Amino acid sequence: MGVNEEYKKREPLAFRMAPRSLSEYIGQEHVLGEGKMLRRMIEADRLSSIILFGPPGTGKTALARLIAHTTSAKFERINAVTAGVGDIKRIVEDAKNPILTPNGRVVLFVDEIHRFNKMQQDALLPHVEDGTVILIGATTENPFFEVNKALISRSTVLSLKPLTDENIITILKQALNDKERGLGNEPINISERTLAYIADLCNGDARIALRSLELAYITTPPDEKGTITIDEEIMQDCMQKRSLAFDTDGESHYDNISAMIKSMRGSDPDAAIFYLARALHSGEDIEFLARRILICSSEDVGMANPNAILVAMAAYQGVMAVGMPEARILLAEAVVTVATSPKSNSAYMAIDKALADVANKRTGEVPMHLRNAPAKGMLDMGYSVGYKYAHDFPEHYVDMQFLPDEMVGTKYYEPGTLGYENQIRKWMDHLKNGTSLKKPDTPSEKNTDDK
């Protein structure tokens with residue numbers, strides 16, 4: 001069967017099936033359930049400014065259309081990508097025109113509000129504040145990062161969640177049964193198992209689910225009885241690969257990498273590998289991933305396993321050399337190494353404490369005996385006088401003042417008790433206090449030309 005030409009002229013199924021009433025709206029019970037604030041606002045037509053944010057396909061635009069159908073106020077819609085300050089001024093002027101807008105207020109839906117620049121947001125702000133404009137903003141980005149704080153403070157921010165599989169199946173069945181807007185008049189045969197398969201692949205995005213169902217219907221020829229049978233194989237071909245509620249630019253990008261780092265820090269290799277897989281599946285920059293693993297290997301593993309940073313650095317260099325898909329293996333090895341290593345943030349804490357002292361305290365001068373004396377006249381002034389070469393002493397250690405006078409006694413590095421750092425702690429205690437060591441295991445010696 002060729003593509004139905006009449007069907008091609010119709011609006012997309014996802015657009016046609018937008019809910020016309022609260023009873024048709026599926027999901028988001030946490031904000032639209034019986035007795036919830038937003039539901040009461042819509043039913044009473046007593047709207048105040050709101051900003052809806054959540055992943056694509058969770059019903060933000062559908063909710064705005066629903067409000068347009070139910071409110072007695074004038075409803076305007078603009079897209080932040082294409083609209084300008086002039087559009088805002090026109091809408092406000094119309095709202096203040098008693099002939100065009102008798103009640104003197106307008107409900108303004110701004111899609112992708114995070115794309116409004118500062119000038120556009122500033123132009124909108126006073127009219128939201130005085131109630132001329134009731135703002136409904138929709139965004140896939142966290143508005144607390146992307147939207148003017150003054151607009152945020154004058155709006156109620158509502159987070160929409162990915163739809164459940166049950167929500168998606170209900171929406172699909174609505175589309176299959178609706179004879180006016182959906183596919184209710186079409187000879188479609190689809191099983192519950194296939195509907196569940198679609199819901200599983202779309203990951204809570206109703207738009208993807210409906211678009212895939214529509215594509216399957218359009219492209220599947222009928223059998224000899226005229227029935228269009230849609231099965232999992234057909235849906236797999238139409239959907240190609242699982243939708244993932246994750247993008248490499250927005251908030252979910254930061255959420256995912258944060259989860260991966262915290263999983264490594266928390267010594268959960270399975271979770272860390274999972275978040276790595278999510279990032280790779282969504283096309284995350286492999287160099288960015290390798291950098292974050294490298295940082296974590298030092299910040300969170302540190303001296304408890306100094307080899308972790310070597311593995312992470314080797315993975316970083318290897319990733320840049322081989323690229324995908326092989327880079328996934330190197331990244332996985334580095335993630336597992338960091339996640340399964342004993343942990344210490346002692347080096348991280350030490351440098352931050354030292355930087356704070358350098359920035360905020362009078363820290364004094366380098367002691368004279370630690371300064372170089374390349375010229376004889378400098379020796380006469382006391383440069384380098386009294387310096388003791390550590391390798392000339394037993395155990396290559398000499399008790400000598402190294403910090404400036406003002407900083408004597410300050411402790412920055414506090415070795416922990418896990419992994420290799422426990423050996424370091426015992427060695428340092430031995431040097432400072434003369435404690436015994438059952439199995440001396442000194443750090444490797446370093447040569448110096450500054451004798």
Side-chain angles (χ1 to χ4, degrees), residues 141-142 145 241-242 244-356 358 412-425 441 443-448:
E141 306 297 327
N142 191 325
F145 300 145
K241 79 175 182 178
R242 177 181 299 278
L244 197 59
F246 174 79
D247 63 87
T248 57
D249 297 314
E251 183 193 5
S252 53
H253 155 81
Y254 298 104
D255 289 345
N256 196 79
I257 196 64
S258 174
M260 188 180 89
I261 291 168
K262 288 171 181 172
S263 298
M264 288 190 290
R265 180 182 299 143
S267 300
D268 189 331
D270 299 310
I273 283 289
F274 166 73
Y275 291 114
L276 172 64
R278 273 173 55 101
L280 292 173
H281 179 83
S282 297
E284 184 66 87
D285 179 11
I286 55 175
E287 182 181 3
F288 168 77
L289 292 171
R291 285 201 309 269
R292 299 309 304 174
I293 298 167
L294 181 60
I295 293 167
C296 190
S297 70
S298 180
E299 178 180 343
D300 295 307
V301 174
M303 298 304 297
N305 179 13
N307 286 327
I309 196 171
L310 303 180
V311 173
M313 188 63 201
Y316 175 84
Q317 294 172 331
V319 161
M320 301 309 295
V322 304
M324 285 293 284
E326 290 81 2
R328 77 191 190 282
I329 308 168
L330 284 74
L331 290 170
E333 181 178 348
V335 161
V336 170
T337 298
V338 173
T340 57
S341 290
K343 302 297 188 295
S344 171
N345 67 345
S346 57
Y348 165 65
M349 298 296 290
I351 187 59
D352 276 6
K353 184 179 178 182
L355 283 170
V358 170
Y412 292 113
Y413 175 60
E414 298 282 357
T417 59
L418 299 178
Y420 176 72
E421 196 165 33
N422 191 42
Q423 297 181 48
I424 296 175
R425 182 181 59 81
D441 190 359
S444 56
E445 301 172 6
K446 294 182 179 179
N447 294 324
T448 177

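Treat the numbers as computed from the prediction; the structure is a model and nothing was measured.
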Pairs meeting criterion side chain to side chain donor-acceptor pair (under 3.5 Å) with involvement of residues 264-274, two or more places apart =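 Counting only pairs at least two positions apart or across chains, the side chain to side chain donor-acceptor pair (under 3.5 Å) contacts touching residues 264-274 are Arg265-Asp300, Ser267-Lys343.
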
Any pair with a residue in residues 301-323 that passes side chain to side chain donor-acceptor pair (under 3.5 Å), sequence neighbours left out, goes on the list, sorted by first then second residue, please.
->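 Output for this query lists Glu287-Tyr316, Asn305-Ser341.
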
From [X] [atom1] over to [Y] [atom2], what is the distance, rounded to the nearest 0.5 angstrom?
X	Y	atom1	atom2	result
Ile261	Arg292	CD1	CZ	4.0 Å
Ile286	Leu331	CD1	CG	6.5 Å
Met264	Thr340	CE	OG1	11.5 Å
Ile424	Thr417	CD1	OG1	12.0 Å
Glu414	Met303	CD	CE	14.0 Å
Ile351	Leu355	CD1	CG	4.0 Å

Within the side chain of Glu421, is there an N or O that forms a donor-acceptor pair under 3.5 Å with the backbone of Gly416?
->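 Here the side-chain-to-backbone pair exists.
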
Can you name the salt bridge (Lys or Arg N to Asp or Glu O under 4.0 Å) partners of Glu326, sequence neighbours left out?
->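 Salt bridge (Lys or Arg N to Asp or Glu O under 4.0 Å) list for Glu326, sorted by chain: empty.
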
Side-chain touch [X]/[Y], heavy atoms, less than 4.5 angstrom:
X	Y	answer
Leu289	Val335	no
Ile273	Val336	yes
Leu276	Arg328	no

Which heavy atom of [X] sits nearest a heavy atom of [Y], and at what distance?
X	Y	value
Pro342	Gly419	CG-CA, 3.8 Å
Ala272	Ser263	N-CB, 3.6 Å
Ala334	Ala312	CB-CA, 4.3 Å

Tell me, yes or no, whether the heavy-atom count around Glu299 atom CD, taken from other residues, nucleotides or ligands under 6.0 Å, exceeds 12.
->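 Yes, because the 6.0 Å sphere around CD of Glu299 holds more than 12 heavy atoms from other groups.
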
More than 12 heavy atoms from other groups under 6.0 Å of OH on Tyr412 |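 Atom OH in Tyr412 is packed in, count exceeds 12.
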
